[in-house]
Amino acid sequence: MSFPQRTIGCGDLRPDAAGRKVVLNGWAHRVRDLGGLFFVDLRDRSGIVQLFLDPSRFANLQEIRPETCLAVTGRVERRSPDTVNPKIPTGEVEVLVDEYQVLGPSKPLPFPLSDEEQMAQVNEELRIKHRYLDLRRPSMLRRLQIRASAVRRIRAYLDARGFLEVETPIITKSTPEGARDYLVPYRLDPGKFYALPQSPQQYKQLLMVAGVERYYQIAKCFRDESQRSDRQPEFTQLDLEMSFVVQEDVLQLMEDLTRQVVNGLIEDFGLDKRPVGPFARISYDEAMRLYGCDKPDLRFGLPIFDATEALSACSFGVFRSTIEAGGRIRGVRYPGGAHLSRKDVSQLEAFAKTFGAKGLATLSVVPSDAPDAVPAGDLAVKGSIAKFFTAEELQATLREADAEPGDLLCFVADRYEAGNNVLYRLRNEIGDRCGLRDRRELNFCWVLDFPLVEWDEETGRWSPTHHPFTSPKAEDLPFLESDPARVRADCYDIVCNGVEWASGSIRIHRPDVQARVFSLLGIDEATQRERFGHMLEAFQYGAPPHGGIAPGIDRLIMFLTDDENIREVIAFPKVGNGYDPLMDAPSPIDAQQWEEIGLRLADPG
RNA sequence: GCGGGUGUAGCUCAGUGGUUUAGAGCGCCGGCCUGUCACGCCGGAGGCCGCGGGUUCAAAUCCCGUCAUCCGCGCCA
């Protein structure tokens, strides 16, 4: 097909181009047929400009409809002052069309893609099914551009510091620990399977053994687990690994990389975000104690308080029996929550119960002279449980909670771990309700000193907090067998605004230590050889100390674009059950393919 | 696997057991319109009310089941 090729982008036209003859290639964004006048807003990647077509010169203008693909030749004209459109950057000019050619006619659209406001409401599956149209929207293009720019900046940063980008296999070995694998049948030996990698973890460690020293990859990872608004079955990580480093080296590099990349993007794209400063550091234990989780949102305070000591002898049965059973009475302060209606409070309790709380006890903090209040030192409290406590108990509790008049104290009485699971969500919820989670702030922090392993009640085994290649801290190594719970790991996460963003560690590089950790995890020697023999053997050939980290690219873009849904920052996402409405995948295979892979469906039932 | 929400025109939605013909805005089709830029005005077409079953004289509406999708829980070394 021959057609006139563009000489300039639609969005690049300014008054200084007036009088010039230009060729534009793009799509009809909107069409306005006034009878004697015909306007088309022509859109390409650079922006939108208004075309003027004289209906007396063109016989078939009705062929130009929204999203018709066009080549246009015309002259740039300055608009008269009364016809300037101040709403668009090209609003001072328009293009008088001499000739146009329809490069691709368009059917009526499945959704109003030129109207961003309406598009925000359109059924998402429909958008994904027609993603090639959805992505024409400037707001979607911008997401792709921010993403590309982020990756470009990451590459530039790492390339400049001696990192080597290496591709690792996509069809590889199944590792049943961890998430469920996506499996690929092996044609030449039916019954054997490849798996898609959950991460390039083992390959990147082998690259360290191989002497690459500094590796990175923009790596696709695959996990066949249930989705969430921030989880897709395939997602992208910046996977990086360094040799001859200690934890602090990785932390400094990653923090510097993040700040440079993110701050550069904020500036390039004019994002409404404050520049990212130095990362706070918090230990795992402290994060759990103060914020109830290993991914605290540090944009606001409201740490969890502990009233267990203050109330150890109280007469409130629920609290006392919890304490006697070894549980804790901890809570979150809700500033201004004393004014909540009974209905609001019961909503809050329902919220807590969805995360396993048995109940939510509350006390309203009021001035000491408030009527019908139970005294508590300089202050007083109200609430159905207030009568169970002495003034001394209440005063000590209020001191722990750092309470002020007008606060609502929300108590969860439970085992430490179970309480945390409720309290951290409650704290985030209160932060939301009080407007304390500032969208303009990107609060990155390090969470350090994770335990190496956690006791798994279900399997009755120790399971790795991070993954089985994480190095125990040298000073804790002697307790690996005798007291696994006290062993800390050289392991570090980056959390941003309460979302886990990156996870990394110094790895085990000694085969004897690796074998001990496998054994601790209940993996017997035969299984170790079968599943991880290549790692154990590789470590016997002069393996260097090494460590790395892997931040999520999708989530990084979500932080920058304020998207709460990961699908918005992925060009071709899956819907919730892993289905791809655009390609109609997964799909059945034909008889010959069944034959080739040598498998049959099991008989139903 | 579990809980909650949604499913009505191409899109977004309204419609709480009783009008003949299930409505609105946008879109679409036809007509008019020489300065629009969310153009405007007039007219028109378009519906297995997700699907299946049940209750009823009568179901978009009530009940049961099922499917899809969204959000969350479990899961995610």
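Below, each value reflects all heavy atoms present in this structure, side chains not excepted, and no hydrogens, waters or symmetry copies. So that the names make sense, note that chain A is the first sequence line, chain B the second, and so on, each numbered from 1.
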Can you give each donor-acceptor pair under 3.5 Å made by side-chain atoms of residues 453-460 of chain A, sequence neighbours left out, with the distance rounded to 0.1 Å?
from, atom 1, to, atom 2, distance (Å)
A:Asp456, OD1, A:Glu458, N, 2.8
A:Asp456, OD1, A:Thr459, N, 3.3
A:Thr459, OG1, A:Arg461, N, 3.4

When you look at CD of A:Gln62, are more than 12 heavy atoms from neighbouring residues, nucleotides or ligands closer to it than 6.0 Å?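 Counting other residues, nucleotides and ligands, CD of A:Gln62 exceeds 12 neighbours.
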Would you find more than 12 non-hydrogen atoms of other residues, nucleotides or ligands less than 6.0 Å from A:Arg14 atom CZ? yes
Separation of [N] [atom2] from [X] [atom1] (nearest whole Å):
| X | N | atom1 | atom2 | result |
| --- | --- | --- | --- | --- |
| A:Asn85 | B:C39 | CG | P | 11 Å |
| A:Gln50 | B:C39 | CD | C1' | 11 Å |
| A:Leu34 | B:U34 | CG | P | 8 Å |

Show the distances under 3.5 angstrom between N or O atoms of the protein and N or O atoms of nucleotides 3-8 of chain B.
none

With hydrogens left out and only the distance checked, is there a donor-acceptor pair under 3.5 Å joining A:Arg30's side chain and the base of B:U36?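 By the distance-only test, no, there is no pair.
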Between B:C11 and A:Arg127, counting only base atoms on the nucleotide and side-chain atoms on the residue, is there a donor-acceptor pair under 3.5 Å?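 Absent.
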Those residues that, when tested against A:Glu92, pass side-chain contact (heavy atoms from CB on, under 4.5 Å) (two or more places apart):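 Applying side-chain contact (heavy atoms from CB on, under 4.5 Å) to A:Glu92 gives A:Pro15, A:Arg78, A:Val84.
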side-chain contact (heavy atoms from CB on, under 4.5 Å) with A:Val345: which residues, sequence neighbours excluded?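 By the side-chain contact (heavy atoms from CB on, under 4.5 Å) rule, A:Val345 matches A:Leu340, A:Thr362, A:Leu408.
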For the residue pair A:His130 and A:Phe111, does the interplanar ring angle fall in the parallel (under 30°), tilted (30 to 60°) or perpendicular (over 60°) class?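 Because their plane-to-plane angle is over 60°, the rings of A:His130 and A:Phe111 count as perpendicular.
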As a quick check of understanding, evaluate side-chain hydrogen bond (donor to acceptor under 3.5 Å, both in side chains) for A:Ser519 and A:Gln528, giving each step before the final call. CA-CA 8 Å; A:Ser519 297; A:Gln528 291 179 30; 3.2 Å; yes
For RNA chain B, whose closest nucleotide is more 5', that of A:Gly35 or that of A:Leu126?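 Going by which nucleotide is closer to the 5' end, it is A:Leu126.
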Toward the 5' end of RNA chain B, by each residue's nearest nucleotide, A:Gln121 or A:Gly91: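 Its nucleotide being nearer the 5' end, the pick is A:Gln121.
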Please name all residues satisfying salt bridge (Lys or Arg N to Asp or Glu O under 4.0 Å) with A:Asp580, sequence neighbours left out, ordered by chain then number. none
Return the set of residues passing salt bridge (Lys or Arg N to Asp or Glu O under 4.0 Å) with A:Asp294 (not counting sequence neighbours), or none when no residue passes.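 None.
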Table of protein N/O atoms under 3.5 Å from nucleotides 25-30 of chain B N/O atoms:
from, atom 1, to, atom 2, distance (Å)
B:C29, OP1, A:Arg65, NH1, 2.7

Nucleotide pairing, RNA chain B (Watson-Crick or G-U, distances under 3.5 Å), in dot-bracket with [ ] and |: (((((((..((((....[....)))).(((((.......))))).....(((((..]....))))))))))))....
Quick one: label A:Glu94 by what it contacts on the DNA or RNA (base, sugar-phosphate, nothing), any heavy atom closer than 4.0 Å. base
Tell me, please, which residues at least two apart from A:Phe532 pass ring-ring contact (aromatic ring centres under 6.0 Å, His included). A:Phe469, A:Phe518
Produce a footprint string for nucleotides 65-77 of chain B: one letter per nucleotide, 5' end first; B if the base is under 4.0 Å from any protein heavy atom, S if only the sugar-phosphate is, - if neither. ---SSSSSBBBBB
Distance check: side-chain N/O of A:Arg32 vs OP1/OP2 of B:U36, anything under 4.0 Å?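 False: A:Arg32 side-chain N/O out of range (4.0 Å or more) of B:U36 OP1/OP2.
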Within residues 135-143 of chain A, residues whose heavy atoms come under 4.0 Å of RNA chain B: none
I need the full list of salt bridge (Lys or Arg N to Asp or Glu O under 4.0 Å) pairs touching residues 522-538 of chain A, with sequence neighbours left out, sorted by first then second residue. A:Glu177-A:Arg531
